[in-house]
Amino acid sequence: MINYNQKMQLFRKGAALLLVCGLVGLLAACSPSRSFESVSLLSSLAGGSYPDQYSRIAVRYQGQTGLQEGDLYRPTEGDPQAAMMILPGASPNGRDDPRVVAFAAQWAEAGFLVLVPDIANLRRLQVSASDSLVMADSLRYLAGEAGPNIPLGAFGLSYAVGPLMIALLQPDLAERVDFVVALGGYYSSQAVSTYVTTGAYRAPGQERWRRREPDGFGAWLFAYSNAARLEDPDDAWRLRRIAELRLDDRQSDIETLRHGLGPEGQSVLAFLENRDPDAVPELEQALPARIKAEMRALDLTTYSLKGAGPRLFLVHGKEDQVIPYTESMALAEAVNAEGEEERAELYLLDAFRHTDLGRTTLGDVITLSSVLYEILEIRDFAPSAPDVSCGQSCPDSSTRPDPAPA
């Protein structure tokens, strides 16, 4: 739970946002009520706090991938005004992760019907292109539960953004889904692997490498995730054990395990321990076939992303140590078709590190609150939703209580 000092700090930051909103309100048609709600929501999300009451129901639903499971969160008062699928990310706890539960519950109390699907690969700390099919089935189920006039969106974190973007290429979802929030996502599989192994990255269209010291987490998560894709069972066991040791302690002694590796395992270690960004393409080609195939299937550069589709909010921290912020820049560029209205909006944060809401500046808080404001605006201007853009002066404002201060 968020403590008093953190709460007051976020409240002061929220007050600054309200001041900014008041100054530009005439130009931006800013709603004070919605602004206050976005700050309050951000405060709750940052602290991982739960509403006093929330409705969480385990559900099962049939899709093209078979029987799936998840948790459905409903507002405790009134009907849902919008719907959102929240992907839990790579975590052993999956939909039961306390942060995921708090996150979903807060959105439900903001008037959203929320689905958190149970994705087995993500619970195993694996990412697969096949997850896109489960995500597609989950979105279709949520759309059916919400109804045709309810805005539908999705919230994806980190490596889950890739399968989510692939799922949205299916024509029925491209037309039905209204918005997507991608936090710390990626565009190029090779660019991400270059970053997590060598610390090198570059902005779209640039040739010069920028560098930061890799922290090792992404590299050893790659080893853990892909160990089962090795043909040699002994290599698979050794690589997985090496990854477990290094994820726990980057300085762990792995020499005994290393010496027992065969050609497949050695090729993965050579790939992960390389520090020359220009050597990555050749080392990638030497990886086992099943790993290369999965990397290609998850590589968004191999898909055509331009054209019709949902509105995208791409949020990325410049201090992200797992996926470089330049990946969201590249994704926005790949989505936005020249000569058409841009559907991908890029939001860069100064101090934000991957998915850690605890590290933010005042500017970051304003940026994040503006993203939440936009999502709440989508909720409020749905055909079947009451108009709350005018705050307390709305004739039907009594149907929705004013948000409490952050």
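All figures in this text were calculated on a predicted structure; none of them were measured in a lab.
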- Task: Give the minimum heavy-atom separation between Ala219 and Thr197, together with the two atoms involved.
- Result: CB-CG2, 4.4 Å
- Message: Under 3.5 Å, is there a donor on one side chain and an acceptor on the other for Ser188 and Glu327?
- Response: no
- Step-by-step salt bridge (charged side-chain N to carboxylate O under 4.0 Å, His left out) determination, Arg123 to Asp97: CA-CA 10 Å; Arg123 282 192 283 104; Asp97 188 305; over 6 Å; no
- Task: May I ask you to check whether Phe103 and Phe155 place their ring centers less than 6.0 Å from one another?
- Result: yes
- Query: Would a distance-only check, ignoring hydrogens and angles, find a side-chain to backbone donor-acceptor pair under 3.5 Å from Asp253 to Glu255?
  - Reply: yes
- Candidates Leu173, Leu164, Thr65 - the one meeting side-chain contact (heavy atoms from CB on, under 4.5 Å) with Met135: Leu164
- Query: Going by atom types only, do Arg34 and Tyr373 share a side-chain donor-acceptor pair under 3.5 Å?
  - Reply: yes
- Search all heavy atoms of Leu298 against all heavy atoms of Val127 and return the closest pair with its distance. CD1-O, 3.7 Å
- Task: Before accepting this row, confirm whether a basic side-chain N of the pair Asp364/Lys318 lies closer than 4.0 Å to the acidic partner's carboxylate O.
- Result: no
- Is Tyr61 close to Leu142 at the side-chain level, that is, under 4.5 Å between some pair of heavy atoms? no
- Quick one: do Arg238 and Glu264 make a salt bridge, cutoff under 4.0 Å? no
- Side chains of Pro214 and Val196: does their closest heavy-atom pair fall under 4.5 Å? no
- Task: Answer yes or no: are there more than 12 heavy-atom neighbours, outside Gln190 itself, under 6.0 Å from its atom CD?
- Result: yes
- Query: Between Glu145 and Arg74, is there a salt bridge with N-O shorter than 4.0 Å?
  - Reply: yes
- Query: Within a radius of less than 6.0 Å around CD of Gln53, do more than 12 heavy atoms belonging to other residues, nucleotides or ligands occur?
  - Reply: no
- Message: Going by ring pair (Phe, Tyr, Trp, His ring centres under 6.0 Å), Tyr195 matches just one of Phe222, Trp209, Tyr325, Tyr201. Which one?
- Response: Tyr201
- Is Arg296 salt-bridged to Glu284, going by a charged N under 4.0 Å from an acidic O? no
- Indicate yes or no: does Asp137 engage Arg140 in a salt bridge with an N to O separation below 4.0 Å. yes
- Donor-acceptor under 3.5 Å (Ser369 side chain, Ile366 main chain): no
- Between Ser370 and Tyr347, is a side chain to side chain donor-acceptor pair (under 3.5 Å) present by the stated rule, with each step listed? CA-CA 10 Å; Ser370 69; Tyr347 298 83; 5.2 Å; no
- Are Gln68 and Gln62 side-chain neighbours, meaning at least one heavy-atom pair lies under 4.5 Å? no
- Message: Is the shortest side-chain heavy-atom distance between Leu113 and Ile150 below 4.5 Å?
- Response: no
- Would you call Arg202 and Glu207 a salt bridge, taking side-chain N to carboxylate O under 4.0 Å as the test? no
- Do other residues, nucleotides or ligands put more than 12 heavy atoms under 6.0 Å from Asp79 CG? no
- Note on the structure: Output for pair (Phe313 CZ, Glu374 CD), nearest 0.5 Å, gives 5.5 Å
- Check: Ala344 main-chain N/O paired with Asn336 side-chain donor or acceptor under 3.5 Å: yes
- Hey, what's the ring geometry for Phe112 with Phe179, parallel, tilted or perpendicular (30° and 60° as the breaks)? perpendicular
- Message: Please give me the minimum heavy-atom distance between Ser328 and Leu314, naming the atom from each residue.
- Response: O-CD1, 3.6 Å
- Check: Arg343 side chain, Gly307 main-chain N or O, donor-acceptor pair, under 3.5 Å: yes
- Test item: Val114 and Met85 side chains (from C-beta on) under 4.5 Å apart, heavy atoms: no
- Flag the pair Arg311 and Glu345 as a salt bridge only when some basic side-chain nitrogen lies within less than 4.0 angstrom of an acidic carboxylate oxygen. yes
- Message: Strictly below 4.0 Å, N to O, side chains only: are Arg176 and Asp178 in salt-bridge contact?
- Response: yes
- With distance as the sole test, does Gln285 use its side chain to make a donor-acceptor pair with the main-chain N or O of Lys292 at under 3.5 Å? no
- Spatial distance of atom CD (Glu273) from atom CZ (Arg258) [nearest 0.5 Å]: 4.0 Å
- Message: With a 4.5 Å cut-off on side-chain heavy atoms, are Leu372 and Trp107 touching?
- Response: yes
- Can we say Arg241 and Glu244 salt-bridge, meaning some charged N sits less than 4.0 Å from an Asp/Glu carboxylate O? yes
- Item | Donor-acceptor side-chain pairing of Ser158 and Tyr186 below 3.5 angstrom | no
- Side-chain contact test, heavy atoms from C-beta onward, threshold under 4.5 Å: evaluate it for Val280 versus Phe271 and give yes or no. yes
- Message: Quick check: closest heavy atoms across Tyr303 and Ala297, and the distance to 0.1 Å?
- Response: OH-O, 2.7 Å
- On a heavy-atom basis, the closest approach of Leu331 and Leu300 is CD1-CD1, 4.1 Å
- Note on the structure: Between Leu245 and Leu257 the two heavy atoms that sit nearest each other are CD1-CD1, 3.7 Å
- Task: To the nearest 0.5 angstrom, please state how far the OG1 atom of Thr367 sits from the CG atom of Asp350.
- Result: 7.5 Å
- Message: Taking CD in Gln251 as the centre, count heavy atoms belonging to other residues, nucleotides or ligands within less than 6.0 Å. Is the count above 12?
- Response: no
- Message: Tell me whether Asp249 at atom CG has more than 12 heavy atoms from other residues, nucleotides or ligands lying less than 6.0 Å away.
- Response: yes
- Item | Side-chain donor or acceptor of Thr194 paired with backbone N/O of Ala200 under 3.5 Å | no
